[in-house]
2 protein chains.
Amino acid sequence: MQGEPSPNDERPTLKTIAYLTGLGVTTVSRALKDGPEIGEDTKQRVRLIAQQIGYRPNRAGVRLRTGKTNVISLILNTHEEGYGFISAMVYGISEALSSTPYHLVVTPHSLSDPMEPVRYIVETKSADGIIISRTEPNDPRVRYMQSQGFPFATHGRTEIERPHAFYDYDNAEFAKEAIRHLVSRGRKKIALLGPPNALYYHKHTVSGFLEGLKQAGLSAVVFDDVDSDRPMADIKAFGEKLGHSDDRPDGIVASSAMAAIALISGLEDSGRKVGQDFDIVAKQSTMPLNWYRKEIITIDEDFREAGRYLAQSVLAVINGAEPASLQHLAKPRGA
Amino acid sequence: MQGEPSPNDERPTLKTIAYLTGLGVTTVSRALKDGPEIGEDTKQRVRLIAQQIGYRPNRAGVRLRTGKTNVISLILNTHEEGYGFISAMVYGISEALSSTPYHLVVTPHSLSDPMEPVRYIVETKSADGIIISRTEPNDPRVRYMQSQGFPFATHGRTEIERPHAFYDYDNAEFAKEAIRHLVSRGRKKIALLGPPNALYYHKHTVSGFLEGLKQAGLSAVVFDDVDSDRPMADIKAFGEKLGHSDDRPDGIVASSAMAAIALISGLEDSGRKVGQDFDIVAKQSTMPLNWYRKEIITIDEDFREAGRYLAQSVLAVINGAEPASLQHLAKPRGA
DNA sequence: TTCACCATCTGTATCGTTACAGATTTTTCC
DNA sequence: GGAAAAATCTGTAACGATACAGATGGTGAA
């Protein structure tokens with residue numbers, strides 16, 4: 001026992017507790033993590049004192065010794081600005097982490113190199129787990145983290161054979177459901193304002209869309225010039241052009257609320273009215289879309305739940321769970 | 001989640017560089033931080049090798065030794081969900097931090113105890129600086145951080161004498177400008193849907209509002225039952241009730257875009273039309289409000305800029321700058 | 001009695017970094 | 001030439017935690 005008298009203005013460490021209890025530092029450490037080689041009464045005593053003096057393990061110490069950071073990193077690209085669902089994700093994740101020792105670090109990156117933050121985190125081990133979004137079918141970030149054995153969960157699926165934890169929204173089902181709504185209102189010429197090509201949920205959305213049309217005996221119109229990720233001003237301009245075109249659709253499926261608003265805005269500028277000249281079905285997450293135009297048909301997507309699920313999944317993976325068992329496909333909920 | 005064995009060896013440390021250069025670990029450390037007692041050619045050599053092998057300082061090591069975390073903590077309360085401006089703030093902060101070694105940690109808290117996360121971070125020194133929002137006139141968090149000499153910056157001012165870094169939006173000016181717009185459209189009975197009482201910007205908004213009315217020779221109507229922070233459904237309900245009331249206003253100033261949408265939504269349910277029965281001026285941040293109703297009069301607020309400024313300010317405070325010189329009052333920009 | 005064995009507890013080394021107090025060499029100046 | 005000063009460089013000891021290999025003492029079996 002090499003304990004010095006402890007000055008009590010400093011933050012307590014294991015040494016402080018060791019001094020107060022007359023035990024060794026090692027014993028205190030083991031006691032606090034409920035190690036098997038420590039007597040029950042000793043554990044009680046240590047826990048009591050630790051609680052009384054408000055001991056909190058020094059994260060730098062733990063991290064240096066064990067490599068454990070107690071950090072989950074959420075990687076976001078700056079593109080997503082303005083869409084507001086990030087807040088919901090962040091809160092969902094925070095919620096799930098609040099009862100754990102984990103912290104949430106938000107790591108942004110520009111579109112130029114999506115791999116860079118992932119590589120940085122893995123190489124420097126600056127987090128125990130990663131959450132990424134906007135997955136591509138053959139996402140290099142997923143491949144990389146798998147090859148490195150690094151725990152992660154993705155918002156969105158991939159085509160990669162080896163299973164990984166994910167939370168995804170059933171966009172095929174969304175598209176089919178959307179078409180059902182439009183068909184039931186007598187719409188015949190249905191178009192899709194879908195996600196950008198590169199992202200995997202583009203495929204799900206399109207395949208659901210095509211299947212839905214087939215079931216309804218209709219043929220397809222997919223907007224090629226524009227996707228739901230484009231700047232709102234572009235989508236609006238596209239909408240206006242579309243409204244003036246002769247073979248404009250009378251039904252629209254929109255993969256994002258903001259894109260829907262922008263598109264409607266443009267269509268209205270060309271004199272078309274939602275609910276009359278056309279109907280539109282859109283995903284709704286944060287803001288109630290019906291307050292914008294009550295004629296919009298909405299289908300809910302819950303990003304807070306996504307955040308919660310993703311956080312819990314990464315933690316599970318970190319604790320050795322099988323990624324294959326941590327996959328969730330959320331069913332659209334009509335609103 | 002097991003992967004392939006990691007391809008190359010261990011992560012390089014100072015020891016690695018010391019071995020490669022034949023220098024001592026201390027020398028390498030000093031060289032990399034450009035210490036004065038190291039020869040110029042040695043520095044060059046060390047830097048070169050460090051760069052070649054991709055050396056990155058181990059943050060846990062630095063933190064344990066120096067106490068420096070290289071972390072800025074943004075404290076958010078879960079209430080703010082759905083308002084979407086958080087994304088903008090987060091990106092603004094990230095942008096400012098991207099060229100520095102600092103990371104952004106998002107620390108949420110429930111409304112129950114706003115002090116808890118602040119105390120935790122200060123006590124455990126788990127960040128080098130803190131950013132808080134939604135300040136009260138005599139904000140206990142500010143008092144606490146000041147008393148502890150902890151670097152921070154606030155989104156919003158306080159009444160506290162001792163200066164601290166802040167970024168605030170000139171809500172008094174906003175209200176006055178808003179009234180000018182309304183008066184110029186012949187509105188005579190103007191009401192305010194302002195922020196909650198407890199927050200300091202409530203006072204600024206109200207005083208600007210009252211002054212604006214006085215200049216226009218009008219008298220005031222302030223909604224007492226509702227504020228811009230309330231759930232949107234409540235605001236909408238209030239709007240509907242208001243629309244049916246006999247002494248309803250013909251001009252409205254709204255402190256938040258979402259609140260404005262909710263209120264309009266309610267007023268419309270009671271048969272009132274914006275631009276006809278009433279005009280409304282609202283703050284606009286992420287989404288273009290005119291796409292919702294083109295008659296809304298908007299005044300811009302830039303949260304991304306706020307985030308940037310706040311991040312730069314905390315860093316400056318950390319580096320010893322005078323908080324009094326890090327105060328910014330953003331002027332409203334009419335849109 | 002002896003000794004293996006278990007239950008508890010402890011000291012030492014270590015993670016990567018930097019502060020500090022030397023150590024060594026070179027330069028300067030008389 | 002020699003001593004003091006300056007310029008470089010180095011080893012050791014922390015920071016707080018944990019892995020590991022011993023200690024210590026008590027128990028029960030032979």
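Because only heavy atoms are used, hydrogens play no part in the values below, and waters and symmetry mates are left out as well, while side chains stay in. Reminder, nothing fancy here: chain letters follow the sequence lines and each chain counts from 1.
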Could you please name the option among [options] that lies closest to any side-chain atom of [X]?
X: Thr27(A); options: dC9(C), dT18(D), dC15(C); value: dC9(C)
X: Leu14(A); options: dA17(D), dT10(C), dC9(D); value: dA17(D)
X: Thr26(A); options: dC9(C), dT18(C), dC20(D); value: dC20(D)
X: Val62(A); options: dA17(D), dC20(D), dA19(C); value: dA17(D)
X: Thr13(B); options: dC9(C), dG16(C), dT18(C); value: dG16(C)
X: Tyr55(B); options: dT17(C), dG11(D), dC9(C); value: dT17(C)
X: Val25(B); options: dC9(C), dT17(C), dT18(D); value: dT17(C)
X: Lys15(A); options: dT10(D), dG16(D), dC15(D); value: dC15(D)
X: Pro57(B); options: dT8(D), dT17(C), dT10(D); value: dT17(C)

Figure out the [atom1]/[atom2] separation between [X] and [N], and round it to whole Å.
X: Gln44(B); N: dC9(D); atom1: CD; atom2: P; answer: 13 Å
X: Asp34(A); N: dT18(D); atom1: CG; atom2: P; answer: 14 Å
X: Arg63(B); N: dA17(D); atom1: CZ; atom2: P; answer: 12 Å
X: Leu64(B); N: dA19(C); atom1: CG; atom2: P; answer: 13 Å
X: Glu37(B); N: dT25(C); atom1: CD; atom2: C1'; answer: 15 Å
X: Asn70(B); N: dG16(C); atom1: CG; atom2: P; answer: 18 Å
X: Arg59(B); N: dC15(C); atom1: CZ; atom2: C1'; answer: 17 Å
X: Leu32(A); N: dA17(D); atom1: CG; atom2: C1'; answer: 11 Å

If you assign Glu40(B) and Ser29(A) each to the DNA chain D nucleotide with the nearest heavy atom, which residue ends up on the more 5' nucleotide?
Glu40(B)
Could you say whether Arg30(B) or Asn58(A) is positioned toward the 5' end of DNA chain D, judged by the nucleotide with the nearest heavy atom to each?
Arg30(B)
Between dC9(C) and Thr42(A), is there an OP1 or OP2 to side-chain N/O distance shorter than 4.0 Å?
yes
Taking only side-chain N and O atoms of Thr66(A), does any of them lie within less than 4.0 angstrom of OP1 or OP2 on dA17(D)?
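It does not, given that no N or O in the side chain of Thr66(A) lies less than 4.0 Å from OP1 or OP2 of dA17(D).
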May I ask you to say what [X] touches in the nucleic acid, namely base, sugar-phosphate or nothing, with a heavy-atom cut-off under 4.0 Å?
X: Pro36(B); value: nothing
X: Gly24(B); value: sugar-phosphate
X: Gly22(B); value: sugar-phosphate

Donor-acceptor pair, distance only, cut-off 3.5 Å: does the side chain of Asp128(A) make one with the backbone of Asn70(A)?
yes
Is it true that Thr135(A) and Thr154(A) share a donor-acceptor pair across their side chains at a distance under 3.5 Å?
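No - no donor-acceptor pair under 3.5 Å links their side chains.
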Heavy-atom pair with the smallest gap, counting every atom of Phe152(A) and Ala165(A):
O-CB, 3.8 Å
More 5' along DNA chain C: Asp41(A) or Arg65(B), using each one's nearest nucleotide?
Asp41(A)
Any ion pair linking Glu161(A) and Arg143(A) (charged N to carboxylate O, less than 4.0 Å)?
yes
Taking salt bridge (Lys or Arg N to Asp or Glu O under 4.0 Å) as the cut-off, I'd like each qualifying pair that reaches into residues 111-125 of chain B, sequence neighbours left out, listed once.
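For residues 111-125 of chain B, and leaving out neighbouring residues, the salt bridge (Lys or Arg N to Asp or Glu O under 4.0 Å) pairs sorted by first residue read Asp113(B)-Arg119(B).
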For the pair His155(B) and Phe303(B), name the ring-plane relationship: parallel under 30°, tilted 30 to 60°, perpendicular over 60°.
perpendicular
